[in-house]
**Q** 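One structure, pasted below without further comment.
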Number of protein chains: 2
Amino acid sequence: MQISSKLPAEERREITINAVIKLAGLQNPSEITTAAIAKHMQLTQGALFRHFATKDDIWLAVMEWVRDQFTGQIIRTEHSMSEPLAAMQAMFMRHIDFVTKYPGVPRMLFGELQKAKWTPAKGAAQSLIKHYTERLCALIEQGKASGDISDDIDTKDAAVLFIGTIQGLIMQSILSGDIQRIRNDAPGVFKIYQRGIRSWK
Amino acid sequence: MQISSKLPAEERREITINAVIKLAGLQNPSEITTAAIAKHMQLTQGALFRHFATKDDIWLAVMEWVRDQFTGQIIRTEHSMSEPLAAMQAMFMRHIDFVTKYPGVPRMLFGELQKAKWTPAKGAAQSLIKHYTERLCALIEQGKASGDISDDIDTKDAAVLFIGTIQGLIMQSILSGDIQRIRNDAPGVFKIYQRGIRSWK
DNA sequence: CTCAAGTAAGTAATCAATTACTACCTTAGT
DNA sequence: ACTAAGGTAGTAATTGATTACTTACTTGAG
């Protein structure tokens, strides 16, 4: 039997993370087995445990990758805009881009958050969303200060709705089975959100 | 060993559905085992299969219960209001009421929809949301006709956002671990949604 | 030659589903 | 009114699959 070409540990970890994210786009993340991951990267199941102590450890590595990639992209997008509302729209679209590129990610996040007992991966997921919410709240406050966003609305509520708006698009795409469709729906949905928070002079 | 008092089949099915919904509020629905369900209703695991052919059959029964309860309540609420926007607000609050009363339900729904392969329970979940979306679209069209809702916005987008808004609140409550908190947040979030769709004359 | 990275074949635990048996209720025949 | 028969709903133990993880051995690049 031919064996896979040997690779250094760090490279294998990266390939593993990639495989998990790809598989999560095709099936229910909680049903992804170590055997399935190994098969997808042309490796035997036991070999995975040369690079990860436990399966939880794999999930943690994946969540950390997601955290770094996602947060990095969002922060960079935010800083590329000066007007708060424009920044929010750009972040919205960047977020949509991200989830259409990696459709498994929102599934993993939501699935992880549902778990009853604490896991390192769940902690990473929680802090990711917490951090995201904080950035949004800061932007909304800016928008209120500059007069672009209405003072009438609650900052936290507006942040929750921003994320919920995307969540709703994702759910719709899961229903239709076509993740790419949310690219078309996103602008119209964001328009409604923007009408909801902007001030009318 | 003392055995549980015998009950007629139909009653046992109802008790089972109740147990599943209660358990789903406490833990990740996909991790609920037949043993856990049986234990929660003071029954042995094997006895469950006197009333349900398979575990999938249990899930289907639960989803059908949810479909009947939820749809019934929402439809009744819709018909109790004459103005479209008022009806939507009432439906929003009824929906929030429902998920705070049965916190396991949204988890089950979302978890079921994520599954790769089709199951009867997944089909029931899909048709529930499809039907709900259709009712919302009809209401929004009514609102446009009466001039309460802006013609500028897309009906389907507005319906997606309505559900997404609630989805966002649920996610926030899962994060905070306190499902009851969404009762407080709901009015403020709906207010933003309403600003987003209503016409400004 | 070494040893990190691989294979292949385990193990123990968990889970849905099955099986063999039992207790209780209803009902028909005398 | 009694009682034997049949059906229903329970128990307790077991089965076969699946899963995360382990162990003993093998390979090949530096």
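Each chain gets a letter, A, B and so on, in the order the sequences are listed, and its residues count up from 1. The shown structure was predicted, so the numbers you read here are calculated from the model rather than taken from an experiment.
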**Q** Rounded to whole angstroms, how far apart are CD on E31(A) and C1' on dC15(C)?
**A** 14 Å
**Q** Could you pull out the closest heavy-atom pair between Q167(A) and Q167(B), with the gap in Å?
**A** CG-CG, 3.5 Å
**Q** Within this structure, what is the CD-to-P distance between E11(B) and dT8(D), rounded to whole angstrom?
**A** 17 Å
**Q** Ring-plane angle category for H95(B) and Y132(B), please: parallel below 30°, perpendicular beyond 60°, tilted otherwise.
**A** tilted
**Q** Between F162(A) and F190(A), how do the two ring planes meet: parallel, tilted or perpendicular, split at 30° and 60°?
**A** perpendicular
**Q** Of the nucleotides dT7(C), dG6(C), dT11(D), which one has an atom closest to the side chain of T44(A)?
**A** dT7(C)
**Q** Quick one: does N28(A)'s side chain have a donor or acceptor within less than 3.5 Å of a partner on E31(A)'s backbone?
**A** no
**Q** Rounding to a whole Å, what distance do you find between F52(B):CZ and dA9(D):P?
**A** 12 Å
**Q** I need the CG-P distance between L43(A) and dG6(C), as an integer number of Å.
**A** 6 Å
**Q** How many whole angstroms separate atom CG of L48(A) from atom P of dA4(C)?
**A** 19 Å
**Q** To the nearest Å, give me how far apart CZ (R13(B)) and P (dA9(D)) are.
**A** 12 Å
**Q** Expressed as a whole number of angstroms, how long is the span from Q42(B):CD to dA12(D):C1'?
**A** 17 Å
**Q** Sugar-phosphate atoms are those with a prime plus P, OP1 and OP2; base atoms are the rest. Using that split, label each nucleotide of nucleotides 16-21 of chain C B, S or - for protein heavy atoms under 4.0 Å, 5' to 3'.
**A** BBB-BB
**Q** Give the C-alpha distance, both sets of side-chain angles, the deciding distance and a yes or no for salt bridge (charged side-chain N to carboxylate O under 4.0 Å, His left out) between K101(B) and D97(B).
**A** CA-CA 6 Å; K101(B) 190 170 178 188; D97(B) 260 4; over 6 Å; no
**Q** How many Å lie between CG on D57(A) and C1' on dA20(D), as a whole number?
**A** 13 Å
**Q** Is it true that the NZ or CZ of R198(B) lies under 6.0 Å from the centre of W200(B)'s six-membered ring and within 45 degrees of the ring axis?
**A** yes
**Q** If only side-chain N and O atoms of H51(B) are considered, is one of them under 4.0 Å from the OP1 or OP2 phosphate oxygen of dT8(D)?
**A** no
